[in-house]
Amino acid sequence: MPELPEVELARRYLEDHVLGRRISRVKVLDEGILEGVGPEALREYLMNLSFTAAKRHGKQLFLELEERGCLTLHLGMTGGLSFSAEDGPPAKHDRLLLDFEDGGQLVFNDQRKFGAISYSPSKRRYIMQKHLGPDALMISRRDFVERVGSHDRAVKTTIMDQHVVAGIGNLYSDEILFQARVHPMVLSSSVRSRGLGRMRDIVRTVLQASLQVGTDFSQLPRGFMLRDRSAGAPCPRRNGRLESLVVGGRTAFICPSCQPSP
DNA sequence: AGTACCACCTGACGGC
DNA sequence: TGCCGTCAGGTGGTAC
C-alpha cells in the first residue's frame, strides 16, 4: 500500500514503538531484502545500539542511530512493519527481525520482496545518492512548478517520478489529477505555471486528507475518487463514470468529462 | 531527454 | 479441483 501517507503512518508507528530501545539481536530471514549489505555487516552495524529518531523522505524511511548514521527502509509494494512486546514464531513473509533488550521485537514483513533495507551515513547522503526529489509535502510551489514543468512527458509519469518529487505513487497520482481536472496524458511541460502551482496545492490537500483518515480510503471526503477507484464507478462529481487507461505502463483511472484528453 | 519493455516476487481472481 | 493468464499500490535496468 505504501505511498507517502502510508509511509508516514509507518514512520509514526516506529517513532512510538522502537525509539530508545537497545537492539540485542538482528535476524535476517531473507537476504533478498538487503540492498548492498550483507546480513553479517548489518548485524554488526546495529548490535547494541538504539534508534534515536524515525524520519521519512517521500516513500523512504530512516531510523537514525546514536552517532552512527541510519538504517534505511523502503516498503516496496507490500512491505509492512510491526512491533510486538513478545516474540512469537515468524509469520509468512517475515524478512527481518530486530529484537530489543527489553523483550520487544520489530518485524519487517514483505510478501513480494520489493522492499529494501540498508544503511547509510545520513538521510541527506542517501537522498543525494538516490537522486530523490524534494518530499511531496515539503516542496515549494516554485520548485514544484519548475521541476514538473521541465519534463516533456505525461504529467502522471512526471509526478510519479521519485527524482522529480518524492512520495507520489500510482493511486495518489490519479486522485491528484482528478482533483486538478488534468488528464494524465497531458505533457507536464504543457501545463501552465498557474495550473502546476494549483496542482502542488492539491498534492498537499490529497496527501493530508489521506493522513487524516489514517489512509482508510472509505473514510475520505465525498468527492475523492479513491473512495471507489474502479472502471465504471460513478464520478465523484457526478459527471459520468470512471474509465481506466494505461499511462507510462501504469493503470490510470480518470473521469473522461472532468479530465478531457489532450 | 523521452519511450517501451523486462525484471524482481508472490498471491488473488476469473475463465475454462 | 486444477491449470492458465492477468493483474497488483514499487523501483531499476536495458535497448531504442
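In what follows, chains are A, B, ... by sequence order, proteins preceding strands, each numbered from 1.
Relative to the side chain of A/Glu3, the nucleotides B/dG2, C/dG9, B/dC9 differ in distance, and C/dG9 lies closest. When distances are taken from the side chain of A/Arg95 to each of B/dT10, C/dG10, B/dG2, the shortest belongs to B/dT10. Of the candidates B/dG2, B/dT10, C/dG9, the closest approach to any side-chain atom of A/Arg250 belongs to C/dG9. Comparing C/dG9, B/dC9, B/dG2 by their nearest atom to the side chain of A/Arg112 picks out B/dC9. Of the candidates B/dG2, B/dC8, C/dA8, the closest approach to any side-chain atom of A/His151 belongs to B/dG2. Comparing atom distances between the A/Met77 side chain and each of B/dG2, B/dT10, C/dG9 picks out C/dG9 as nearest. With distances taken from any side-chain atom of A/Asn170 to the nucleotides C/dG12, C/dG9, B/dC9, the minimum falls on C/dG9. The side chain of A/Lys59 sits closest to C/dT11 out of C/dT11, C/dG9, B/dC9.
At the phosphate of C/dT11, neither OP1 nor OP2 sits under 4.0 Å from any side-chain N or O atom of A/His163. The side chain of A/Thr78 places no N or O atom within less than 4.0 Å of a non-bridging phosphate oxygen (OP1 or OP2) of C/dA8. A close approach under 4.0 Å does not occur between any side-chain nitrogen or oxygen of A/Lys92 and OP1 or OP2 of B/dT10.
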For DNA chain C, what is the dot-bracket line, given that a base pair needs Watson-Crick (N1 to N3, plus N6-O4 or O6-N4) or G-U wobble (N1-O2 and O6-N3) geometry with both distances under 3.5 Å, and | means paired with another strand?
.|||||||.|||||||

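Taking atom NE2 of A/His74 as the reference point, atom P of B/dC9 lies 18 Å away to the nearest angstrom. Separating the CD1 atom of A/Ile168 from the C1' atom of C/dG10 is a distance of 15 Å, rounded to the nearest angstrom. Straight-line distance from the CE atom of A/Met185 to the C1' atom of B/dA4: 14 Å, rounded to whole Å.
Taking atom C1' on both C/dG9 and B/dT3, the two are 23 Å apart, rounded to the nearest angstrom. The P atoms of C/dG10 and B/dA1 are separated by 24 Å, rounded to the nearest whole Å. B/dC9 sits 22 Å from C/dC3 when the P atoms are compared, rounded to a whole Å.
The two residues A/Leu4 and A/Lys59 make their nearest non-hydrogen contact at N-CG, 4.3 Å.
A salt bridge is absent between A/Arg12 and A/Glu15; no separation between the charged side-chain nitrogens and carboxylate oxygens falls under 4.0 Å. Contact check on A/Lys123 versus A/Glu64 returns no salt bridge, with no Lys/Arg side-chain nitrogen under 4.0 Å from an Asp/Glu carboxylate oxygen.
Remark: A/Phe62 engages A/Tyr126 in a ring-ring contact (aromatic ring centres under 6.0 Å, His included) (not counting sequence neighbours).
None of A/Ser188, A/Ser190, A/Pro262, A/Ser189 except one satisfies the side-chain contact (heavy atoms from CB on, under 4.5 Å) rule with A/Val155; the exception is A/Ser188. Under the side-chain contact (heavy atoms from CB on, under 4.5 Å) test applied with A/Leu96, the options A/Asp110, A/Leu42, A/Asn109, A/Leu81 reduce to a single match, A/Leu42.
Among the protein residues, A/Ser244 comes within range of no part of the nucleic acid, since none of its heavy atoms lies under 4.0 Å from any strand.
Judged by a 6.0 Å distance limit and a 45° cone about the ring axis, A/Arg68 is not positioned over the six-membered ring of A/Tyr119.
Two residues, A/Lys130 and A/Leu171, neighbour DNA chain C, and the one matched to the more 5' nucleotide by heavy-atom proximity is A/Leu171.
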Step-by-step side chain to side chain contact (heavy atoms under 4.5 Å, CB included) determination, A/Asp135 to A/Arg56
CA-CA 9 Å; A/Asp135 181 82; A/Arg56 180 191 60 72; 2.7 Å; yes

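Evaluation of A/Phe114 against the base of B/dC8 yields a stacking contact (centre distance < 5.5 Å, interplanar angle < 30°).
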